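Just follow the structure's listing: the first ligand is 1, and inside any ligand the first atom is 1. Below, each value reflects all heavy atoms present in this structure, side chains not excepted, and no hydrogens, waters or symmetry copies. Source: prediction; values computed, not measured.
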Amino acid sequence: MVYGYDEDFLSYLKIKFAINSEQFPLVSREKHRRDSIIKVGKVQFGGGCNFPIIAGPCGLKSEKDSIQTAIELKGLGVDVFRGFIWKGRTNPSSFQGVGETGINWLRKVKEQTNLPIDTEILSENHLKLIKDIVDVIQIGARNMQNYELLKAVGSVKIPVILKNGPGAGIDELLCAAEYIARGGNKDIILCLRGTKSLAGSGSRFTLDMSGFAILKRLTHLPVIGDPTHPADHNAIIPSVAMGIAACGADGLLIEVYNKPEMALTDKKQLIDYSQFAKTMHFINGILATIGKKNG
Ligand code: PEP
Ligand code: MN
């Protein structure tokens, strides 16, 4: 499933929603019609044929647990390990992540599993601390418009996952990506993770499934989806993950942990290994139908 340049649809977006692609020329599909392929270690994002999986717990707990979890997730087909040591929390009293202590754990996970590592940074100082270790840097939803942080990640040569802000429009997400690209770093992967909605739907954020097909026409960058944060409860997450695959996204970012009840954060948002394996079974069927494969 490959989304290409579509002049008619782009002019519809310009007229109907006043989306001005001149604000984001470096990431716009108008100037760069072919899909960009972004490499995270040896894993490829974009191009329309593959669907890599980034997975791991919400936050890391200990060195031993991180290594064990990464080994098990690799066995379940995960391509990139999500190892978060800093957690930006809504409630200032909530656990904020293990912090700098976890940097060495990430190094060890990488040595022992050979999996590329994804971690979220909340500041320029975090970037300095992890820039020689991680394979992809995540900019979380709440930092999508932290322009100084965007410029900082724009100045390094490490791929970046940029999530949409909970109240941001699709053009604002692309302008945020443009900030990174203008610093010289073109290795950007966009991630849709839902927005606040006026309607009480029973989910924490609303993930607009049409967003994948729209964004893929506006930009040449890969677009992945996060089912964990919009769905918010493990009863709903597998269905949203399948929807993301079916909509033609370029990959999945999902929270998975062996014993969700023992996690330090977001216990209800974590799916366990058996739920993950079942979800991947269905996703692989969907991918085969649309001419893609996992990895
Ligand atoms: C996360 O991926 O752990 C996270 C906090 O997501 P978001 O920035 O989308 O809320
Ligand atoms: Mn989480």
**Student:** Starting from the N and O atoms of ligand 1, find every protein N or O within less than 3.5 Å and list the pair with its distance.
**Tutor:**
unit_1   : atom_1 : unit_2 : atom_2 : d
ligand 1 : 2 (O)  : R82    : NH1    : 2.9
ligand 1 : 2 (O)  : Q138   : NE2    : 3.1
ligand 1 : 2 (O)  : K163   : NZ     : 2.9
ligand 1 : 3 (O)  : R82    : NH1    : 3.3
ligand 1 : 3 (O)  : R82    : NH2    : 2.8
ligand 1 : 3 (O)  : K87    : NZ     : 2.9
ligand 1 : 3 (O)  : H229   : NE2    : 3.4
ligand 1 : 6 (O)  : K163   : NZ     : 2.8
ligand 1 : 8 (O)  : A141   : N      : 2.8
ligand 1 : 9 (O)  : K163   : NZ     : 2.8
ligand 1 : 9 (O)  : R193   : NE     : 2.6
ligand 1 : 9 (O)  : R193   : NH2    : 3.4
ligand 1 : 10 (O) : R142   : NH1    : 2.9
ligand 1 : 10 (O) : R193   : NH2    : 2.8

**Student:** Answer yes when E178 and R182 have at least one side-chain N-carboxylate O distance shorter than 4.0 Å, and no when they do not.
**Tutor:**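 A salt bridge is present here (some side-chain N lies under 4.0 Å from a carboxylate O).
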**Student:** Any ion pair linking K216 and D250 (charged N to carboxylate O, less than 4.0 Å)?
**Tutor:**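 Result for this pair is yes, salt bridge flagged.
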**Student:** Which is it for E30 and K14 under the salt bridge (charged side-chain N to carboxylate O under 4.0 Å, His left out) test, yes or no, and what are the steps along the way?
**Tutor:** CA-CA 12 Å; E30 276 176 303; K14 273 186 199 164; 2.9 Å; yes
**Student:** Any ion pair linking K108 and E111 (charged N to carboxylate O, less than 4.0 Å)?
**Tutor:**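 Here E111 does not pair with K108 in a salt bridge, since their nearest N and O are not under 4.0 Å apart.
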**Student:** Checking one value in my table: which N/O/S atom of E255 lies closest to the Mn ion (ligand 2)?
**Tutor:**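 The E255 atom nearest to the Mn ion (ligand 2), restricting to N, O or S, is OE2.
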**Student:** Should the ring pair H220 and H32 be called parallel, tilted or perpendicular, given that the plane angle runs from 0 to 90° and is split at 30 and 60?
**Tutor:**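 H220 vs H32 ring planes: parallel.
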**Student:** Under a 3.5 Å threshold, yes or no: a donor from one side chain and an acceptor from the other, between H229 and E255?
**Tutor:**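 Distance-only check passes for H229 and E255.
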**Student:** Could you tell me which N, O or S atom of D266 is nearest to the Mn ion (ligand 2)?
**Tutor:**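 Atom name returned: OD2.
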**Student:** Looking at D65, D266, T69, which hits side-chain hydrogen bond (donor to acceptor under 3.5 Å, both in side chains) with Y257?
**Tutor:**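 Exactly one candidate clears the test, D65.
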